[in-house]
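Residue numbers begin at 1 in each chain, while the letters A, B, ... track the order of the sequences. It should be emphasised that the depicted structure is a prediction, and the values quoted were computed from it without experimental measurement.
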Amino acid sequence: MCAQAVDSDVGPAEIKPIVAFHDVSKWYGNVIGLNKLSVRISPGITGLLGPNGAGKSTLLQLATGQLFPSKGTVEVLGQRTWNNPALNRSIGLCPEQDALYEWMTGADFLATCARLGGMGRTQARHAGERALETVGLTRQKDRIVAGYSKGMRQRTKLAQALVHDPQVLFLDEPMTGTDPVARHDLMDIIQRLAADGKTIIFSSHVLHEVEAITSNIILLNRGRLLAQGHIRQIRDLMDQHPHRIVLVCNNCRVLGAGLMQWPHVESIHLHDRDQSLVVETRQPDAFYAGLPQLALQTKQEITEMYSEDDNLEAVFRYLVPT
Amino acid sequence: MTSSIPENPASAVAATPLPRCNVLQSAWALYTFTLRQHRHGKRWLIMAGLVLLPALLSILARATDPGVSGRVLEFDLAFMFIPQGLLPLLALVYASGILHDEQEQQTITYLLLRPVSRPLLYVVKLLAAMTAAVVLALVSTTLTYAAIYTGQIHLADAAMRCLQACLIDGLAVATYCCFFGLLGLLTRRVLVAGIIYIALVEGLLANLPFAIRLITVIYYTRLIAYRALPFVVPGAFGNTHNIAADAWHFHISGDPTLAHDPHTWMCVTVLLGGGALCTAAAALLCRNREFYVKTPDKA
């Protein structure tokens, strides 16, 4: 499937983008990481979505100057990223890998990162404390990193990306492995940082995470841009695909028989001993409008109803070829 | 987004290079940080054991054979065992993984994402590794001399010889560090390659009485040591002989002053120059190298 860039606020042409990839390809030997990717990312939060191996990490590593493009150009804040250490003053990266200097305390690690960025000892200590406060790790700052929980480690990685107060933040799978509470906290932190004026590009393959934080997304698959724009607009691309709606009721077989009469219903699958059914329809609006009437007619109480297409999983399912 | 965003944010920020003083601060922070890294882990314990080994051997030798000549013991341990075995091993362990270790531990990202150029990153980390290796080499040499000469006469002479040996060992280990630092960027199996190098080049080639030994570090350190320190010991029949000349295959019968071999200043220049060349080549390699970090995906 070709890239389907939609008119969106992710990359409007009139604003010079924060991050710009121009026809970028990246090869690892014979393996392609990114394939002729052109994308422009403007301020705000942008979610980078794709299944494993889609090229998300490659994109972030190119954007942070860790890799050089085999072809094309990568610019952040209007500057080339490869071999441009000065640019690192304006960007921060929270890496995907769960690696830290285990023998250091959180405060020590942050102060060291700040000092590596050119700050003096006192300034670095204060910057580290500020960053730890931002991610809510002040109380644990003097503990050895090796004893941190997964959530605390993720926060520490985020804090090191923030310690020099960069304008652009790249977060590579920042919620990986965290529990729901830590996940919620991290989402809050990311949204606060964006509200403070930082541009945030974060990757994830857990789609509801992205949906909870931003509606601006870039979809990647097998190194190619699949779609870019607002989640709603991307969902419009799915119109040619049937929408899946799940109904939970006492005797769904009766309800299903009624639904079979509707011309826009493509298929019905019963599950859980007729306790639930999955309907595929090409006209979800008509479906939702007619369902209460049908429930009354068949005297079926619908205890739960949700659309599997309400999250980004559906976007993947429709747009990512299997 | 509710915050105020500049109309043209890309032009609002100019990523200017760090001022020179901040670069120095960064470099110093990296240097001290790397030294702290070297103080952690099991490597430190293994190295401590190696460093103590020649001193322990000399104590053992003196305890089991009280009549053993201090000069012979000094030569065997301080000028054979330490330069040929300990120094290259120290350098290999500390310098071969300058960036490779960070890459393996996946922490290199934290260094690459700082406003420090890759060549500077390499050079500073090399200097820190060199410092650790040189300090350990000096500790080992000093302890060995102390173990050999404690309780014997001519302590001042022994101290002077120890100082000279320390300088020679420091120079040798610094050169080895530069070489193994470069080797670490050229091959992933740097420990295997390094041990093969130590055994074949510094072990075998350096001990062959041919010009091939000119490519070894140990040949130049031996020349410096030979010219700086006398290694003459009494022979079995009342005569004297130079144990260094015999062991190192210096042809002093035809050329007593080793006039055909490089002079001391040339030896120092070769070692320093070789080290500088290796460092420059490695820094250049770093400048254009991508350091892949295994992400869970890639793993």
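- Under the salt bridge (charged side-chain N to carboxylate O under 4.0 Å, His left out) criterion, B:E102 pairs with B:K125, sequence neighbours left out.
- If you measure heavy-atom distances from B:R36 to chain A, the contacts under 4.5 Å come from both the backbone and the side chain.
- The two residues A:N88 and B:R114 have their closest heavy-atom pair at ND2-O, 3.0 Å.
- Residues of residues 274-288 of chain B that come within less than 4.5 angstrom of chain A, heavy atom to heavy atom, are B:R287, B:N288 in numerical order.
- Screening residues 87-113 of chain B for ring pair (Phe, Tyr, Trp, His ring centres under 6.0 Å), with sequence neighbours left out, gives A:F109-B:Y110, B:H38-B:Y94.
- Using cut-offs of 30° and 60° on the angle between ring planes, the pair B:F33 and A:Y101 is perpendicular.
- Annotation: the span from B:L113 atom CG to A:L87 atom CG amounts to 10.0 Å, rounded to 0.5 Å.
- Minimum heavy-atom separation, B:Q106 to A:A99: O-CB, 3.5 Å.
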Inset, instruction - For B:Y292 and A:Q66, run side chain to side chain contact (heavy atoms under 4.5 Å, CB included): C-alpha distance rounded to whole Å, both residues' side-chain angles, the deciding distance at 0.1 Å, then the answer. - result: CA-CA 8 Å; B:Y292 297 113; A:Q66 294 177 77; over 6 Å; no
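- For chain B, the nearby part of A:M104 is the side chain; its heavy atoms alone come within less than 4.5 Å.
- With chain A as the partner, the residue from B:L30, B:T107, B:L120 showing the most heavy-atom pairs under 4.5 Å is B:T107.
- B:N22 places no side-chain N or O within 3.5 Å of a backbone atom of A:M119 that could act as its donor or acceptor partner.
- Contact of A:V163 with chain B is made through the side chain alone, with heavy-atom distances under 4.5 Å.
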Inset, instruction - Decide yes or no on side chain to side chain contact (heavy atoms under 4.5 Å, CB included) for A:L100 and B:Q105, but give the supporting numbers first. - result: CA-CA 8 Å; A:L100 290 162; B:Q105 290 158 18; over 6 Å; no
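- Residues satisfying the salt bridge (charged side-chain N to carboxylate O under 4.0 Å, His left out) test with B:R118, not counting sequence neighbours, are none.
- Taking a 6.0 Å sphere around CZ of A:R121, one finds it holds 12 or fewer heavy atoms contributed by other residues, nucleotides or ligands.
- A:L116 places none of its side-chain heavy atoms less than 4.5 Å from the side chain of B:V116.
- Annotation: side chain of A:P95 is in contact with side chain of B:T109 (closest heavy-atom distance under 4.5 Å).
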Inset, instruction - Just do the side chain to side chain contact (heavy atoms under 4.5 Å, CB included) check on B:T32 and A:R115 with the steps written out, would you? - result: CA-CA 11 Å; B:T32 52; A:R115 291 190 67 207; 4.3 Å; yes
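- Although no hydrogens or angles enter the test, the distance criterion places a donor-acceptor pair under 3.5 Å between the side chain of B:E290 and the main chain of A:F68.
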